[in-house]
Every structure is written in C-alpha cells, then in structure tokens.
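Worksheet for the structure shown next.
As the structure is a prediction and not an experimental result, all values here were calculated from the model.
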Amino acid sequence: MFALVDGNNFYVSCERVFRPTLQGVPVIVLSNNDGCAIARSNEAKALGVKMGHPWHQLRHLEEEAGLVALSANFALYGDMSDRMMSLAAGLGPSQEVYSIDESFIDLTGVRGDLKARALAVRERILRWVGIPCCVGIGPTKTLAKLANHVAKQAERKPGSYPPEHARVCDLSCLSRGAVDALLGSTEVGAVWGVGRRIGAQLVAGGVCTVLDLARLDPATVKRGWSVVLERTVRELQGQSCIGLDDAPAPKQQIACTRSFGRTVEAYTPLAEAVSEFASRAAKKLREQGSHAAQVLVFIRTSPFRQDPQYSRSMIVPMRRPSDDTPAIVAAALAGLKSIYQPGYRLAKAGVILLDIQPASRVQCEFDFEATSGQRDRSRLMQAMDSVNTRWGQGTIRVGSGRVGDAPRDWGMKQERKTPGYTTEWDDMPVAKA
DNA sequence: TCTGGGGTCCTAGGACCC
DNA sequence: TCTGGGGTCCTAGGACCC
C-alpha cells in the first residue's frame, strides 16, 4: 500500500506562510524573468489561469480581479519542502521524495486506520510548516496518485466527488464498487503517465474515463501503445509495477538553462551567461560526486517571435571526465564558439552535462586516458584486443608516437589553453599499426 | 515588449559484429 | 533468380513527469 502526500499549490502555499494576507486572494508565482505562471492558488485557477500561462497575457487580471503575481523564490521553497518531507515521512517506514512538493510513502506493515493516520500527518504538516496537503492512499503508486487527485478535487470543487474524500482519499477502505465509481467519474487524462498526446488518442478511441482505461486488456494496450501504458493499466488494476525508489540514483544528466530577460545578440554577454550555466552545472555535478565526460551547449531564438529562427547545440567531449569548473566552462565555451552566429536575437541558452559517471571510476582510468575520450579509448582497446587475439599477441602494441597537433573539428584550441590542462595529453600513448 | 527549468524512460533504426 | 540471422550498442526523437 502506498500513500502520496502532495502540497497544495505548493509555491503559492509557501508564500502564504509568510504573507497571510494572501489567503483567499488569487495568487500566482511566476517563473524566471517573470515569464509565466508556474503555481496558482485555487482562486487563480478559478480565474482561468493555466499552468505556464504567459504573464503578459495575465497582467490585466491584476486590476480586473485583484490577481497577485509573485516572483519565484526557489531557495525558500526548497527549505519549506525539506520540512514538509520530514513530517510526511512519519506516515510509514520508507519515503520516496518524488518532487519538491510530493512524496510517496510505503505503508507496508502500517496497522490501524490509514485514513486517520494520514489525516493526523496532514494536520501536523499544516500546523508546523503551514502547508496544506492532500493525501491519496492506494495499493499501487498510480492508484495513490489518483486518490490524491480525488482528494484535491473533492476539496477544491465540492460536488466533483463525494465530500468524504476531501483532503485524504483512501482507496484501501472502499468497496470495489465505490472505487469503480471514482474511476468512472475521472477523466482518463488525470492518470499519472497519460499526457496530452496519449490522452487524446485514448479519448478518440472511446476510452474516456479512468475506469475505461483500467478495463482494457494490458496485452492489447502494449501492442497498441507501449509498455509504459501497459504498466499504467496494470497499476490501475491493482497490480503494483512501480516500486518505491527511496534511494534515487545519481542524475544521468545535469542541466542549467535559462531564458534571457532580454534577447541577446552579441557574443560576449552570451559567453558570460554560458560560463555561469556551466559553473552552476559543475557545482551540481560535484554535489552528487560525479564526473561528466560530455558537455552540451545550446542557444536558440524564441519560437514565439517572428524573428529569423536559429537553434544550435553541440556536444563537446571532455578531454577526460571531470567535475572541474574551469574545464567544464572551457568545454562549454568551445562549443559555444563554434555554434555562435551573429545576427540572431537569442532568447535562451543552456549547458547540459552528459555521460555522467561516478568520480571513483574516473580516477582509476585517469592515467590511461587518451585524447579521444573514454569511449573511443575503450573501443580502441577492444579493437586491439581482438586483433591480438586473432593474429597473435604483439601484432598491435601501444607505442609512443605523437598525436597530431591538429585541432579537433569543434575547435578545442581554446580548451587547451585553460589552466588545469597540461600538454601531457599530447604525449599520450597511441596505437601504432 | 512579454511565453520555465528541470528531469526520466522507451523506441526505432542504423552501424557493427560474428 | 538467388543475396543469413541474431545480437549489441548508439543515437535521435518522442512522450511523459513536476
């Protein structure tokens, strides 16, 4: 059995803790550069404000409806999240923090009235942290998610579901018929894992409610859609396919990307921004104790403008996997240099670290690293091994020939000059045929 | 004038191998 | 006219999540 504890309108609720006068008022929190709405109070939702709604289209509601718009304060939200999560953890033996405002709790072995227990935890979070939450309980994560949806809707829109489900909805204490009734009155698009695209396809095929989806044959779903949707159907049928992930794996990608407040055309400010993104990404990388072997940098114009469009990205292999800020910045700038073209009003840029590996593994390989990156090297080694196996040991040997000085096609000259790099790479062993 | 910033997983197709 | 088959790895793109 799983519970999903989810803070209501989380960013808005955080702001309201410190500004109680915002209670009962339509409030939204805006993204970077105050671009669009990323959190909405119930009152703002009632005004028709959508997730991702551009602020410039909403501005008129300030005067017309008393809408209050706040710039995001992510440091605050992260701190509030930590407090909320530690209280939510009291619900059961293990917890998966799924996002800044949601966590799954494994309720295995928890005895007694689950609903009463969830209500108590909800009260505690409200009293001690100030964040209102809803809790959904079900035999699978997908059903717990759905129960949470019911709990929220029943609270926010009286009449949408039976009022006893408001705030905490526990499917485990309901009859089969009662559960089916809830599924039958919920649109299929509300299911975790069914997005806009697949939702529309399902509706077009006559699968309109969650109950319709739950009654499909998993094998048919797999054939018609994917293994992902098949798993969702099984979960809706009560078969748990998605376990609790209480020790999340280190990230496989680390990104830092931003839209600019104003469009950028010149190289210098762009390079400054990219350096900053690369530094932030490198910091995140070190925090999880990893090294990255590739750095992706991208720039693009705004797809919402009539301007000439330009969108380029480049993946720059690191000389060796690293978490070193200067090295990562240099790689990002090398990439930027080769994709940059003057004459475009660029709206966004970013740096994404790829091919991320544990720092320990990288250390072992450090001394052996050749100029071409880890994968090329290991492919080279594999090739050598198979030749030597076939034709006899020593047919190909590691020699001491000098690697050519020709720059690589993405222009690594800049990276070579970076402090922290030495010329030793030019003397690395290469295979001589 | 003004439209977020992170992530994950799956699949199809091509390259390559034996 | 006939032109293997099975496997792996990699990549790009799509779909989803909050």
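Within the 4.0 Å cut-off from OP1 or OP2 of B:dT1, not a single side-chain nitrogen or oxygen of A:Arg305 is found. In terms of phosphate contacts, A:Ser226 brings no side-chain nitrogen or oxygen within less than 4.0 Å of OP1 or OP2 of B:dC10. Put simply, A:Lys145 has a side-chain N or O that comes within less than 4.0 Å of OP1 or OP2 on C:dC18. For the pair A:Lys251 and B:dT8, the criterion of a side-chain N or O lying under 4.0 Å from OP1 or OP2 is not met. Taking only side-chain nitrogens and oxygens, A:Thr257 never comes nearer than 4.0 Å to OP1 or OP2 of B:dG4.
Residue A:Val227 has its side chain nearest to B:dC10 when only B:dC10, B:dC2, B:dG6 are considered. Across B:dT3, C:dC18, B:dG7, the shortest atom-to-atom separation from the side chain of A:Ala255 is found for B:dG7. Relative to the side chain of A:Asp101, the nucleotides C:dC18, B:dC10, B:dG7 differ in distance, and C:dC18 lies closest. Side-chain atoms of A:Arg231 lie closest to B:dC10 of the nucleotides C:dC18, B:dG4, B:dC10. Ranking B:dT3, B:dT8, B:dG5 by closeness to the A:Gln57 side chain, first place goes to B:dT3.
Residue-level contact check: A:Lys50 touches neither bases nor backbone, having no heavy atom under 4.0 Å from any strand. Residue contacts for A:Arg59: at a heavy-atom cut-off of 4.0 Å it reaches no nucleic acid atom on any strand shown.
If you measure from atom CG of A:Asp355 to atom P of C:dC9, you get 15 Å, rounded to the nearest angstrom. Remark: C1' of C:dC17 and NZ of A:Lys141 are 12 Å apart, rounded to the nearest angstrom. Atom-to-atom, CD1 of A:Ile352 to C1' of B:dG5 comes out at 10 Å; the value is rounded to the nearest Å. B:dG4 atom C1' lies 11 Å from atom CG of A:Leu30, rounded to whole Å. As rounded to whole Å, 11 Å separates atom C1' of B:dG4 from atom CZ of A:Phe298. With rounding to whole Å, A:Trp55 atom CH2 is found 16 Å from B:dG4 atom C1'. As rounded to whole Å, 9 Å separates atom P of B:dG7 from atom CD of A:Gln288. Residue A:Asp34 contributes atom CG, which lies 14 Å from atom P of B:dC2 at whole-angstrom precision.
Two rings, from A:Trp192 and A:Phe104, have their centers less than 6.0 Å apart.
Residues from residues 183-209 of chain A with heavy atoms under 4.0 angstrom of DNA chain C, sorted by number: A:Val191, A:Trp192, A:Gly193, A:Val194, A:Gly195, A:Arg196, A:Arg197, A:Ile198.
At a threshold of 4.0 Å, the pair A:Asp307-A:Arg345 counts as salt-bridged, since one of the basic side-chain nitrogens sits closer than that to a carboxylate oxygen. Using a 4.0 Å cut-off between a side-chain N of Lys or Arg and a carboxylate O of Asp or Glu, A:Glu102 and A:Lys152 do not qualify as a salt bridge. Using a 4.0 Å cut-off between charged nitrogen and carboxylate oxygen, A:Arg234 and A:Glu230 count as a salt-bridge pair.
A:Glu62 CD: more than 12 foreign heavy atoms inside a 6.0 Å radius. Counting heavy-atom neighbours within 6.0 Å of A:Lys115 NZ, excluding the residue itself, gives a total above 12.
The 5' end of DNA chain B is approached more closely, in terms of each residue's nearest nucleotide, by A:Gly52 than by the other of A:Gly52 and A:Gln252.
Look at B:dG6: its Watson-Crick or wobble partner, with both distances under 3.5 angstrom, is C:dC17. Using the Watson-Crick or G-U wobble rule with both distances under 3.5 Å, C:dT11 pairs with B:dA12.
Just one residue in the list A:Ile137, A:Val168, A:Asp170, A:Val110 forms a side-chain contact (heavy atoms from CB on, under 4.5 Å) with A:Arg117, and that residue is A:Val110.
Applying the salt bridge (Lys or Arg N to Asp or Glu O under 4.0 Å) definition to pairs two or more places apart or across chains, those involving residues 270-280 of chain A are A:Glu276-A:Arg280.
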